[in-house]
Amino acid sequence: MNILSNVSIKTLNTFHVDVMANTLCSIDSDKDFTNTKLFEYLDSKNFLILGGGSNILFTKDFKGNVIQVKNLGEKIVSKTDSFFEVNIQAGENWDSFCTMEYR
């Protein structure tokens, strides 16, 4: 887990709006979800969970904690001729995932 203070989040939104966040906490693995510092940010009333930044438009600085979920991975859990069940991590790109072919 990486934590930065007073950081630009321009590269974390697809509109590339140059805004600042009080704190940026990047989650890279499942283990980060057990970090007590993360829970301190979640206990604050002003936090934003951010993925790829494609469904948000910032208009001003974010006065709070941005938690960026970046953990990657996917696994086929079960598969039949008519369907399959996949476990996918929250940091994966949704559009890329939906266009993949599983065999």
List the residues meeting side-chain hydrogen bond (donor to acceptor under 3.5 Å, both in side chains) with [X], not counting sequence neighbours, and say none if there are none.
X: N35; answer: none
X: T11; answer: none
X: S26; answer: none
X: N65; answer: T23, S44

Checklist line | Whichever hydrophobic residues join F62 through chains of side-chain contacts under 4.5 Å | finding: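 Once heavy-atom contacts under 4.5 Å are chained together, F62 belongs with L4, V7, I9, L12, F15, V17, V19, L24, L48, L50, I56, L57, F58, V66.
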Distance from [X] atom [atom1] to [Y] atom [atom2], nearest 0.5 Å?
X: N71; Y: M1; atom1: CG; atom2: CE; answer: 12.5 Å
X: E85; Y: K75; atom1: CD; atom2: NZ; answer: 10.5 Å
X: I88; Y: L72; atom1: CD1; atom2: CG; answer: 9.0 Å

Next item on the list: Determine which pairs satisfy salt bridge (charged side-chain N to carboxylate O under 4.0 Å, His left out) with at least one residue from residues 48-67, sequence neighbours left out, and list them in order.
Entry: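 Pairs touching residues 48-67 that pass the test: none.
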Check: What residue pairs, at least two apart or across chains, pass salt bridge (charged side-chain N to carboxylate O under 4.0 Å, His left out) with a residue in residues 13-35?
Finding: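 Every pair satisfying salt bridge (charged side-chain N to carboxylate O under 4.0 Å, His left out) with a residue in residues 13-35: D28-K70.
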Next item on the list: Using the test side chain to side chain contact (heavy atoms under 4.5 Å, CB included), find all partners of T80 that sit at least two apart in sequence or belong to another chain.
Entry: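 Side chain to side chain contact (heavy atoms under 4.5 Å, CB included) list for T80, sorted by chain: S82, F83.
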Next item on the list: State which residues pass side chain to side chain contact (heavy atoms under 4.5 Å, CB included) with D95; sequence neighbours excluded, sorted by chain then number.
Entry: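 Applying side chain to side chain contact (heavy atoms under 4.5 Å, CB included) to D95 gives N93.
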Between [X] and [Y], what is the shortest heavy-atom contact and its length?
X: E74; Y: F97; answer: OE1-CD1, 4.2 Å
X: C25; Y: L38; answer: SG-CD1, 4.2 Å
X: V69; Y: A90; answer: CG1-CB, 3.4 Å

Next item on the list: Can you sort out the partners of K37 under salt bridge (charged side-chain N to carboxylate O under 4.0 Å, His left out), two or more places apart, ordered by chain and number?
Entry: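 Salt bridge (charged side-chain N to carboxylate O under 4.0 Å, His left out) list for K37, sorted by chain: E40.
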